[in-house]
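Excluded from the calculations below are hydrogen atoms, water molecules and symmetry mates; all remaining heavy atoms, backbone and side chain alike, are included. Indexing begins at 1, ligand by ligand and atom by atom, following the structure's order.
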Amino acid sequence: MHFAIHSDTRGIADAVLIPLGTAEDQRAAAWQWLTHRVDVPVASLEAEFDGAYKSMLVLFGKDGKRYVLAGIGDDTAPHRIVRALRYLVLRKRKNLGPGVAVWLGHVGADELEAWAGAVAYGMGLGLYRQELLKTDARTPFPLESEEAALQIVHPRAGDELREVLQLQWRLAQAMHRTFDLVNTPSNIKTPAWLAEQAEAAGRRASFEVRVFDEDAIEAMGLHALRAVGQGSAHPPRFIVMEYRPAGARKKVALVGKGITFDTGGVSIKPATNMHLMKSDMGGAAAVIGTMEAAAILGLPVHLVGVVPAAENAVDGRALKPGDVIRSYSGKTIEVIDTDAEGRLVLADGLAWAVRRHHPDLMIDLATLTGSCIRALGTEAAGLFTSNDTLADALFRAGMATGERLWRLPLWDDYMEYLKTDVADIKNLGDKPMAGAITAAKFLEFFTDAHPAWAHLDIAGTALANGDFSRDRAATGFGVRLLCRWLEELA
Ligand code: BES
Ligand code: ZN
Ligand code: ZN
């Protein structure tokens with residue numbers, strides 16, 4: 001992809017995109033610019049195009065160019081621009097030639113960088129192909145070709161904007177890989193495969209990746225991870241990534257649940273929708289994706305990414321309800337329900353991260369509970385922390401990126417639900433309520449009371465139905481949120 005900045009329309013591509021919100025001033029500026037170019041009265045433009053999200057109007061210009069109006073909606077925050085351009089390119093990419101010019105003449109100079117970056121990122125996401133495993137040969141879209149060009153048209157744009165476009169395009173390509181991690185089916189996606197993907201990300205973006213196999217997991221004392229993986233033909237892996245930029249003042253550990261498939265184990269899940277459990281490594285994908293994006297952005301924060309990866313399967317060696325297992329922390333766990341496996345592997349990931357790395361801050365992400373989906377639906381992920389400053393910073397990053405979080409309590413009263421006579425803790429609350437909170441309390445037990453730890457339950461947000469896919473597909477939830485939070489932190 002080539003990027004170019006044009007101050008007027010001389011020499012630009014034949015397809016001109018005009019992203020517009022519903023705001024009066026944006027649309028008025030566009031109509032004024034269009035009057036010399038198309039033979040349509042302003043009243044008709046007003047009537048035919050209102051700028052609502054997903055709305056579109058294609059006009060043929062007197063100059064032979066195609067002018068494509070693309071609606072963003074009422075809110076033109078960057079993540080809304082991203083969504084609108086992604087939708088447009090996804091739905092229209094077959095019709096887009098190798099050159100696309102985007103007119104942003106209605107945008108003030110102070111906002112231009114944000115708009116142009118969001119346009120490039122959204123268009124880059126729009127080119128994502130989910131159909132990797134379809135067998136019908138498919139020729140690349142012109143916009144994917146080597147000579148494809150993205151041009152920004154603005155009267156006062158400087159050439160430095162090109163770097164912004166390049167960077168955002170690269171981030172979009174990295175996000176494609178994050179989507180792939182989640183969308184890949186579990187006959188391919190084993191713990192070893194996930195580890196290889198982390199290694200590939202490390203090579204692309206230059207961060208360090210170490211992978212520990214079954215024997216190493218045993219030797220390191222990651223007993224809970226080993227126990228969850230023991231019923232699978234695909235043995236577990238413990239993946240550790242490290243990005244260490246010069247001048248970093250803070251060290252952040254990111255821990256992601258990496259269950260490559262969750263059958264539930266002996267406490268087996270119902271068949272309906274079980275196929276979606278290939279996405280039970282959405283937390284791991286967010287961590288790997290954030291490592292890559294942070295390295296691309298050059299964020300000045302020392303990051304340690306930890307992914308305990310296992311398949312929760314059923315066979316003669318699988319964990320059974322009632323088993324008592326050890327964990328890296330030394331604490332014992334009574335396994336009441338083998339389907340509450342995420343908290344088991346995270347118990348080891350969190351304890352290992354705290355004891356081996358002493359991070360200043362630690363965030364874990366996990367598709368952890370159906371309970372969280374029942375509480376918040378698919379509109380927000382659950383946020384759990386006892387640290388108000390951290391809660392506030394994460395919440396704000398969520399609102400700014402559209403990856404919203406909503407806080408739920410972590411009061412000690414909930415710890416009562418997890419008490420047992422036979423071990424230090426049990427993995428399922430004894431009341432059929434507050435499941436997302438008791439899961440978070442379970443995790444907290446393995447953080448050595450870390451003062452700046454937060455848990456994000458992304459069970460409802462890792463997959464989305466709708467605008468960008470037919471059946472539920474990866475959202476990459478967490479990557480943009482964490483990058484934003486890390487930027488603010490640094
Ligand atoms: N991976 C699931 C949680 C989940 C459910 C994620 C639906 C995405 C969509 C997790 O391992 C699980 O099975 N949780 C159980 C916990 C219960 C046994 C305490 C749940 O939420 O039902
Ligand atoms: Zn489960
Ligand atoms: Zn699970």
Side-chain angles (χ1 to χ4, degrees), residues 182-183 186 189 191 194 224-225 227-229 231-232 236 255-286 307-314 318-323 333-349 364-382 384 408 414 417-418 420 425-443 445 455-465 471-475 477-478:
V182 176
N183 292 334
S186 301
K189 178 169 53 193
L194 191 60
L225 172 60
V228 170
S232 170
V255 183
K257 172 176 173 182
I259 297 297
T260 58
F261 193 80
D262 184 8
T263 66
V266 171
S267 314
I268 202 159
K269 286 184 179 295
T272 308
N273 284 331
M274 202 206 277
H275 68 287
L276 296 174
M277 283 301 116
K278 70 176 185 179
S279 69
D280 210 17
M281 36 56 71
V307 171
E311 184 180 74
N312 189 23
V314 213
L319 264 181
K320 296 174 295 297
D323 287 359
I333 305 166
E334 184 185 16
V335 180
I336 302 293
D337 192 315
T338 65
D339 196 11
E341 84 298 337
R343 65 197 73 180
L344 300 178
V345 304
L346 285 172
D348 277 0
D364 77 77
L365 299 97
T367 48
L368 203 62
T369 66
S371 165
C372 189
I373 309 179
R374 285 189 290 278
L376 300 172
T378 56
E379 310 312 318
F384 303 83
L408 292 167
Y414 293 104
Y417 297 32
L418 298 173
T420 164
I425 193 169
K426 62 185 176 192
N427 80 332
L428 180 68
D430 47 28
K431 299 194 189 94
M433 49 180 86
I437 301 171
T438 53
K441 285 308 278 185
F442 182 94
L443 298 182
F445 193 63
H455 157 60
L456 309 184
D457 191 332
I458 61 169
T461 55
L463 295 180
N465 238 339
D471 195 5
R472 273 157 281 197
T475 58
F477 188 100

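Checked against Thr367 for a side-chain hydrogen bond (donor to acceptor under 3.5 Å, both in side chains), the options Asp457, Asp280, Thr461 give a single hit: Asp280.
Note: Asp337 CG to Asn427 CG = 6.5 Å, rounded to the nearest 0.5 Å. Of the inter-residue distances, the one linking Asp339 atom CG with Leu319 atom CG reads 12.0 Å to the nearest 0.5 angstrom. Between Thr438 atom OG1 and Leu443 atom CG the span is 10.0 Å, to the nearest 0.5 Å. Atom OG1 of residue Thr420 and atom CD1 of residue Ile425 lie 10.0 Å apart, to the nearest 0.5 angstrom. Atoms CG and CG, on Leu346 and Leu365 in that order, are 9.5 Å from each other to the nearest 0.5 Å.
In summary, Gly342 places no N/O/S atom under 2.8 Å from the Zn ion (ligand 3), failing the contact criterion. Using a cut-off of 2.8 Å, one finds that Glu341 contributes an N/O/S atom close to the Zn ion (ligand 3).
Against a heavy-atom cut-off of under 4.0 Å, Thr367 is close to the following atoms of ligand 1: 1 (N), 2 (C), 3 (C), 6 (C). In summary, the atoms of ligand 1 found under 4.0 Å from a heavy atom of Ile373, numbered by their order in the structure, are 7 (C), 9 (C). Ligand 1 places these atoms under 4.0 Å from at least one heavy atom of Leu368: 2 (C), 3 (C), 10 (C), 12 (C), 14 (N). In the vicinity of Asp337, heavy-atom distances shorter than 4.0 Å reach the ligand 1 atoms 18 (C). Proximity to Glu341 (heavy-atom distance under 4.0 Å) selects the following atoms of ligand 1: 11 (O). If you number the atoms of ligand 1 from 1 as listed, the ones under 4.0 Å from a heavy atom of Arg343 come out as 16 (C), 19 (C).
Taking atom 2 (C) of ligand 1 as the reference point, the nearest protein heavy-atom neighbour is Asp262 OD2, 3.6 Å. If you check which protein heavy atom lies closest to atom 12 (C) of ligand 1, you get Asp339 O, 3.2 Å. Scanning all protein heavy atoms for the shortest distance to atom 4 (C) of ligand 1 gives Met277 CE, 4.0 Å. The protein atom (non-hydrogen) at minimum distance from atom 19 (C) of ligand 1 is Leu428 CD1, 2.9 Å.
Ion pairing of Lys257 with Glu341 is present here, as a side-chain N (NZ or NE/NH1/NH2) and a carboxylate O approach within less than 4.0 Å.
The closest approach between Arg472 and ligand 1 stays at or above 4.0 Å for every heavy atom of the residue.
Vertex the Zn ion (ligand 3), arms ending at OD2 of Asp280 and NZ of Lys257: the angle is 100° after rounding to 10 degrees.
Polar contact with ligand 1: present for Lys269 (N/O pair, distance under 3.5 Å). At a 3.5 angstrom cut-off on N or O pairs, Thr369 does not count as close to ligand 1.
Nearest-residue assignment for atom 20 (C) of ligand 1 (options Ala459, Gly429, Gly370; heavy-atom criterion): Gly370.
With hydrogens and angles disregarded, a donor-acceptor distance shorter than 3.5 Å links the side chain of Ser186 to the backbone of Thr260. At least one donor-acceptor pair closer than 3.5 Å links the side chain of Thr338 to the backbone N or O of Val266.
With a 4.0 Å heavy-atom cut-off, ligand 1 is reached by no atom of Met274.
The two residues Pro308 and Gly256 have their closest heavy-atom pair at CD-O, 3.2 Å. Nearest heavy-atom pair, Gly282 versus Ala462, reported as atom, atom and distance to 0.1 Å: CA-CB, 4.5 Å.
Between Asp471 and His275, the closest side-chain pair of non-hydrogen atoms falls below 4.5 Å.
Counting just the N/O/S atoms of Asp262, the one with the shortest distance to the Zn ion (ligand 3) is named OD2.
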